[in-house]
There are 2 protein chains.
Amino acid sequence: MSTSEPTDRYHHGDLRRALVEAALELLLEGGTEALGMRELARRVGVSAAAPYRHFRDKQALIQAVAAAGFALFLEAMEAAKAGIAPEEQLSAMAEAYVQFALRYPRLYKLMFSSELGKFEDKELRRAADAAYESLAVTAAKEDPEAPGEAAISAWAFVHGLSMLLLDEQLLGVSAANAEPLVRKLARRHAQRFGKPRPA
Amino acid sequence: MSTSEPTDRYHHGDLRRALVEAALELLLEGGTEALGMRELARRVGVSAAAPYRHFRDKQALIQAVAAAGFALFLEAMEAAKAGIAPEEQLSAMAEAYVQFALRYPRLYKLMFSSELGKFEDKELRRAADAAYESLAVTAAKEDPEAPGEAAISAWAFVHGLSMLLLDEQLLGVSAANAEPLVRKLARRHAQRFGKPRPA
DNA sequence: CTCAGATGTTGACATTGATCACATGCAGCA
DNA sequence: TGCTGCATGTGATCAATGTCAACATCTGAG
């Protein structure tokens, strides 16, 4: 699936992209701990100093990975509400949200790790905000009287639920058997937070 | 406020406690990055290898810190619902929860960092579960028909909201001006998730 | 009083993030 | 075509970190 196979040319050709790709793999496999500049360089088959031509910092590299993560995430969100009846959209997105977190736990964690300085990197900020918007607009439609609160509430709900599941904080519930619970909770949330009973 | 001032005896006397205390300070000041074994040893005025007599790993030390954090946290939760009318308890706790997260952002983040292996350390696990219980029982009372779901929902809500605030993901809302919003959302949540309108 | 085990120290090793001066090769201009 | 400037990659090196093993020191149980 990799776009670039290792070459032995002096100039790699597309190092930056290759680095982000490899970093993503590394992250998915081994978590934040496994994501090191040197190991990364090794993977891509390049010297240890090379990555610094493309990223000021380890942090900068991580921010790029997170941004890529948010792009993936946004895609999943959009896909989730495509072709779904409006009144079902919110709960469908909620489910998709949690499923994403469960499928890519380490990536998800990184994306919200918060010491990655989300406000400092413009591109990252935009990617994150785009994902937020996708959910927010759907949630807002559910409660036109207080759209802002509805959006925050929905976001907080799915985010919190994801974290709890990832931490296995919910006794007896793990990623494997989470789906029914998630579905039930999503329904419950959408129902109670939906438009306050029209006449 | 420190229990132990630096002595120049060969044996420190209460290194373990001193280490956890110092680690907590270090964490609160500089975040996870600043929390290193060597720096820690330096602070306590002891050699770099000494901490390893009390903690197998850096991870073990971190787990101990997290456990201490959960104790603090539990305390705050219990204090929040003491002497409050039952129907106000849930929203009071929700507020207290978020306030804790906002007051100790880095500690809070560490406590839920999830690669600290919460399930492996028994003491840590118990501390975390105790905190969970404190909120869960209160939330469960709000909706006797589905106590489990009510508990998860409440926990997810406050946890998610805290994370969003810490990440400054909510545009225009920061720790400083978060209080009114938090209060409003807590009320809203308690109201909608409360007992489904008794007759 | 003694001496065994707990607690600290010293010195070392491998690894990491980061930076420097230097090497290389591609692009555009002659 | 051939030259050359600039982006890109290399290797050597530094300081710092987590961790360990061998040695030193203290303290309490008998």
Side-chain angles (χ1 to χ4, degrees), chain A residues 3-23 25-27 29-66 106 110 113 115-117 120-121, chain B residues 3-23 25-27 29-66 106 110 113 115-117 120-121:
Chain A
T3 305
S4 51
E5 49 261 21
T7 66
D8 47 358
R9 298 175 298 180
Y10 189 94
H11 281 69
H12 179 286
D14 198 3
L15 224 202
R16 179 174 184 120
R17 190 173 316 273
L19 284 172
V20 175
E21 275 180 23
E25 284 177 23
L26 219 44
L27 176 68
E29 290 172 16
T32 306
E33 305 297 295
L35 184 45
M37 285 289 129
R38 292 182 105 109
E39 176 62 23
L40 190 52
R42 237 167 270 139
R43 282 254 181 152
V44 178
V46 90
S47 93
Y52 288 89
R53 292 288 161 194
H54 300 270
F55 299 97
R56 194 176 307 113
D57 261 332
K58 186 185 186 184
Q59 168 154 287
L61 181 273
I62 287 182
Q63 286 171 335
V65 174
R106 325 205 210 222
L110 177 72
S113 120
E115 49 209 321
L116 95 193
E120 289 163 13
D121 185 307
Chain B
T3 306
S4 51
E5 51 260 22
T7 67
D8 48 358
R9 297 176 298 182
Y10 189 94
H11 281 70
H12 179 286
D14 198 3
L15 224 202
R16 179 172 183 119
R17 190 173 316 273
L19 283 172
V20 175
E21 276 180 21
E25 286 177 22
L26 218 44
L27 176 68
E29 290 171 17
T32 306
E33 304 298 293
L35 184 46
M37 285 287 131
R38 291 183 108 109
E39 176 61 23
L40 190 53
R42 237 168 271 138
R43 282 255 182 151
V44 179
V46 91
S47 94
Y52 288 88
R53 295 289 160 192
H54 300 271
F55 299 97
R56 194 176 307 115
D57 261 331
K58 186 186 185 183
Q59 168 153 289
L61 181 271
I62 287 183
Q63 287 170 335
V65 174
R106 325 207 210 220
L110 177 71
S113 122
E115 48 209 320
L116 93 194
E120 289 162 12
D121 184 309

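Sequence lines set the chain letters: A, B, ... in the order given, protein chains first and strands last, and positions in each chain run from 1.
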Query raised in the report: Do the side chain of Arg38(B) and the base of dT19(D) come within less than 3.5 angstrom through a donor-acceptor pair of N or O atoms?
Result: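 A donor-acceptor contact between them is present.
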Query raised in the report: Should Leu26(A) and Glu39(A) count as side-chain neighbours, where that means a heavy-atom distance under 4.5 Å?
Result: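 A side-chain contact exists here, since the closest heavy-atom pair is under 4.5 Å.
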Query raised in the report: Can you name the closest pair of heavy atoms from Leu110(B) and Ala66(B) and give their distance?
Result: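 Between these two residues, the closest heavy atoms are CD2-N, 4.4 Å.
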Report task. Over all heavy atoms of both residues, which pair between Leu35(B) and Lys58(B) is shortest? Give the atoms and the distance, please. Result ->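 Looking at all heavy atoms of both residues, the closest pair is O-CE, 3.2 Å.
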Query raised in the report: When all nucleic acid strands are considered with a 4.0 Å heavy-atom cut-off, which category describes Arg42(B): base, sugar-phosphate, or nothing?
Result: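 Sugar-phosphate, backbone atoms only, no base.
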Grab the [atom1]-[atom2] distance between [X] and [N] for me, whole Å please.
{"X": "Met37(A)", "N": "dT19(C)", "atom1": "CE", "atom2": "P", "result": "12 Å"}
{"X": "Asp57(A)", "N": "dT19(C)", "atom1": "CG", "atom2": "C1'", "result": "12 Å"}
{"X": "Leu35(A)", "N": "dT16(C)", "atom1": "CG", "atom2": "C1'", "result": "13 Å"}
{"X": "Phe55(B)", "N": "dT19(D)", "atom1": "CZ", "atom2": "P", "result": "13 Å"}
{"X": "His54(A)", "N": "dA18(C)", "atom1": "NE2", "atom2": "P", "result": "16 Å"}
{"X": "Ile62(B)", "N": "dT17(D)", "atom1": "CD1", "atom2": "P", "result": "14 Å"}
{"X": "Leu40(B)", "N": "dG8(C)", "atom1": "CG", "atom2": "P", "result": "13 Å"}
{"X": "Leu19(B)", "N": "dT7(C)", "atom1": "CG", "atom2": "P", "result": "12 Å"}

Query - Candidate pair Met37(B) and Tyr52(B), rule side-chain contact (heavy atoms from CB on, under 4.5 Å), full reasoning - result: CA-CA 9 Å; Met37(B) 285 287 131; Tyr52(B) 288 88; 3.5 Å; yes
Ignoring the backbone of [X], work out which of [options] is nearest its side chain.
{"X": "Val46(A)", "options": "dT10(D), dG11(C), dG18(D)", "result": "dT10(D)"}
{"X": "Tyr52(B)", "options": "dT19(D), dG17(C), dG8(C)", "result": "dT19(D)"}
{"X": "Arg53(A)", "options": "dA18(C), dT10(D), dG8(C)", "result": "dT10(D)"}
{"X": "Ser47(B)", "options": "dT9(C), dT19(D), dG17(C)", "result": "dT9(C)"}

Query raised in the report: Can you tell me how far OG1 of Thr32(B) sits from CD1 of Ile62(B), rounded to the nearest 0.5 angstrom?
Result: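 Reported value, rounded in 0.5 Å steps: 7.0 Å.
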Query raised in the report: Which comes earlier along DNA chain C counting from the 5' end, the contact point of Ala49(A) or that of Glu39(A), where each point is its nearest nucleotide?
Result: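 Going by which nucleotide is closer to the 5' end, it is Glu39(A).
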